[in-house]
Amino acid sequence: MHNPLFWIEWLDRLDRVLSSARQDVAVLKRALSPRSLEAIERSKRQLAGLINDLRLLDRDVLAVSATSGADALQSALEATVAQLASLAEIRAASTPGLLDRMLASSDAALRDSCYEAAMLLAPHRRRA
């Protein structure tokens with residue numbers, strides 16, 4: 001995937017999936033249900049697919065400093081997928097404190113991924 005437009009399309013998909021996942025976590029905060037857990041699992045799968053696609057994108061089309069940003073984004077996304085996987089496996093009988101901590105961790109991981117994506121899009125100075 002050597003065309004810079006692939007990055008734009010990929011980032012657009014990423015934005016939609018991250019926004020949806022944050023909404024799913026917010027719903028789960030209100031009510032733990034099989035349906036809300038399925039939504040978390042779906043978000044996890046979508047993010048895992050985006051990570052695989054990120055590995056295929058040509059990082060040579062990015063500025064040098066943005067390339068390290070892509071690495072940071074990939075790490076943040078991998079951490080987010082791990083958090084969502086743990087959250088998707090939670091049991092309804094889990095203690096409320098545990099659920100609250102897991103929800104907070106998942107939301108923080110999603111925010112970190114959003115931040116890293118924003119940093120990737122931030123203007124970079126070119127070296128002369």
Side-chain angles (χ1 to χ4, degrees):
M1 301 168 122
H2 301 286
N3 187 331
L5 291 177
F6 288 127
W7 275 99
I8 294 168
E9 292 171 358
W10 183 87
L11 286 164
D12 181 56
R13 284 182 24 228
L14 177 64
D15 180 58
R16 284 183 276 133
V17 170
L18 288 173
S19 296
S20 176
R22 290 203 68 201
Q23 290 174 357
D24 294 339
V25 168
V27 167
L28 194 58
K29 285 180 183 178
R30 291 191 298 272
L32 181 63
S33 71
R35 190 167 216 187
S36 58
L37 291 173
E38 288 171 7
I40 296 295
E41 179 65 31
R42 181 180 58 249
S43 293
K44 180 195 74 130
R45 285 192 315 271
Q46 289 172 336
L47 284 174
L50 283 166
I51 291 169
N52 288 332
D53 290 348
L54 177 59
R55 290 182 181 116
L56 299 174
L57 289 171
D58 183 9
R59 295 183 184 198
D60 290 338
V61 301
L62 300 174
V64 173
S65 59
T67 300
S68 63
D71 293 337
L73 176 58
Q74 183 172 336
S75 294
L77 289 172
E78 289 169 350
T80 300
V81 167
Q83 284 291 331
L84 292 177
S86 296
L87 187 57
E89 295 172 3
I90 191 120
R91 303 277 184 260
S94 296
T95 61
L98 174 64
L99 178 60
D100 291 342
R101 285 190 303 277
M102 291 181 76
L103 287 166
S105 295
S106 296
D107 194 47
L110 286 162
R111 279 194 319 271
D112 290 347
S113 291
C114 290
Y115 173 81
E116 292 299 338
M119 290 294 94
L120 185 64
L121 293 174
H124 298 281
R125 293 183 186 202
R126 295 198 174 230
R127 294 183 184 180

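Values reported hereafter were calculated over all heavy atoms of this structure, with side chains retained and with hydrogens, waters and symmetry mates removed.
Linking ILVMFWY side-chain heavy atoms closer than 4.5 Å, directly or via other members, places Leu28 and Leu98 in a single hydrophobic cluster. Follow the hydrophobic side-chain contacts under 4.5 Å out from Val27 and you never reach Leu99; the two are in separate clusters.
One finds the CG atom of Leu73 at 6.0 Å from the CG atom of Leu14 (value rounded to the nearest 0.5 Å). Atom CZ in Arg111 sits 13.5 Å away from atom CD in Glu116 (nearest 0.5 Å). Between the NZ atom in Lys44 and the OG atom in Ser86 there is a gap of 9.5 Å [rounded to 0.5 Å]. Taking CZ from Arg13 and CD1 from Ile8, the interatomic distance works out to 14.0 Å, rounded to the nearest 0.5 Å. To the nearest 0.5 Å, atom CG of residue Asp12 and atom CH2 of residue Trp7 are 14.5 Å apart.
Evaluation of the side chain to side chain contact (heavy atoms under 4.5 Å, CB included) rule for Asp112 yields no partner, not counting sequence neighbours. Checked against side chain to side chain contact (heavy atoms under 4.5 Å, CB included), Arg35 has the following partners two or more places apart in sequence or in another chain: Ser33.
Each of Asp24, Leu103, Asp107 was scored for a side chain to side chain contact (heavy atoms under 4.5 Å, CB included) with Leu87, with one residue passing: Leu103.
Judged by distance alone, the side chain of Ser106 and the main-chain N or O of Met102 form a donor-acceptor pair under 3.5 Å. Although no hydrogens or angles enter the test, the distance criterion places a donor-acceptor pair under 3.5 Å between the side chain of Ser43 and the main chain of Ala39.
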